[in-house]
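Each remark here refers to the structure printed beneath this line.
Just so you know, these numbers use all the heavy atoms, side chains as well, and skip hydrogens, waters and symmetry mates.
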Amino acid sequence: KGAQQEMRIFYIVAMVSLLQISASPSPNFQAILLGLCVFLAVALAVVTTALVVRSKALREPREKLLDAIHKGRGGDYSQRGDYHKENGMGEICLAFNLLMDNIQENHRKVLLNEERYRLVAEQSQNIIYEYTFADDTCRFYSSAWKQLFGRPMEIPGFSKALETSEIIDTQDRQILT
């Protein structure tokens, strides 16, 4: 927009100057000035059109890429930048596409590992759990815990629950405290 505004100001200044000069009574001089004004008007229209087209040509790929980024952040890792020119925007789209390829592949691997872990936990007769010291919570991942003890799969305040649990022998409870 700044370049367009500068061109308009230049055009207005040139036209005013030409109109002041055109006060000359010579018809040849007035015809030359009229031709020059027409030339300047056409040049301004061409330059303004080129700036608008260039601005739109850069704005559309940027908006499409931003849309793809937002969808990617929302979990749609299939998004890709579709701009293949050899300029800065093309390089940004290429980098975005490589990043999304890596994210998509890593997401696929995480899902595969989670599925493997889930299958192992379901098939295991062992009690599989995770204890988090920060919030003193124990999470049980295998159904063996629920089948053997009938307790919830997540126990917040786990250390206190152990001290007061009736499923722990009195002698063992003394070791815990």
Inter-residue atom distance [X].[atom1] - [Y].[atom2], 0.5 Å rounding:
X: R118; Y: E115; atom1: CZ; atom2: CD; answer: 4.0 Å
X: Q147; Y: S142; atom1: CD; atom2: OG; answer: 8.5 Å
X: N97; Y: N102; atom1: CG; atom2: CG; answer: 11.0 Å
X: N113; Y: R108; atom1: CG; atom2: CZ; answer: 9.5 Å
X: S159; Y: D136; atom1: OG; atom2: CG; answer: 3.5 Å
X: K109; Y: R116; atom1: NZ; atom2: CZ; answer: 10.5 Å

Which heavy atom in [X] sits nearest to a heavy atom in [Y], and how many Å separate them?
X: Q125; Y: A144; value: O-CB, 3.5 Å
X: G72; Y: Q79; value: N-CG, 4.1 Å
X: P152; Y: F140; value: O-CD1, 4.0 Å
X: F96; Y: G81; value: CD2-N, 3.7 Å

hydrophobic_cluster_shared for [Y] and [X], side chain cutoff 4.5 Å:
X: L148; Y: I128; value: no
X: V120; Y: Y141; value: no
X: I103; Y: L98; value: no
X: M100; Y: L94; value: no

Evaluate the side-chain contact (heavy atoms from CB on, under 4.5 Å) criterion for residues R139 and T137: first the C-alpha distance (whole Å), next the side-chain angles of each, then the deciding distance (0.1 Å), finally the verdict.
-> CA-CA 7 Å; R139 291 171 188 84; T137 299; 3.8 Å; yes
Side chains of [X] and [Y] in contact at under 4.5 Å (non-hydrogen atoms):
X: F158; Y: T132; result: no
X: L111; Y: E114; result: yes
X: E130; Y: C138; result: no

Using the side-chain contact (heavy atoms from CB on, under 4.5 Å) rule, take W145 and I155 through it: C-alpha gap first, then chi angles, then the decisive distance, then the call.
-> CA-CA 12 Å; W145 169 256; I155 303 174; 3.9 Å; yes
Establish, yes or no, whether a centroid distance under 6.0 Å links the rings of F133 and Y131.
-> yes
Are any of the side-chain nitrogens in D76 or R80 under 4.0 Å away from the carboxylate oxygens of its partner?
-> no
Take L65 and C93, measure what side-chain contact (heavy atoms from CB on, under 4.5 Å) needs, and give me the verdict at the end.
-> CA-CA 7 Å; L65 182 61; C93 283; 4.2 Å; yes
Please assess M89 against R62 for the test side-chain contact (heavy atoms from CB on, under 4.5 Å), listing each intermediate value before the final yes or no.
-> CA-CA 8 Å; M89 181 57 81; R62 183 181 64 90; 3.5 Å; yes
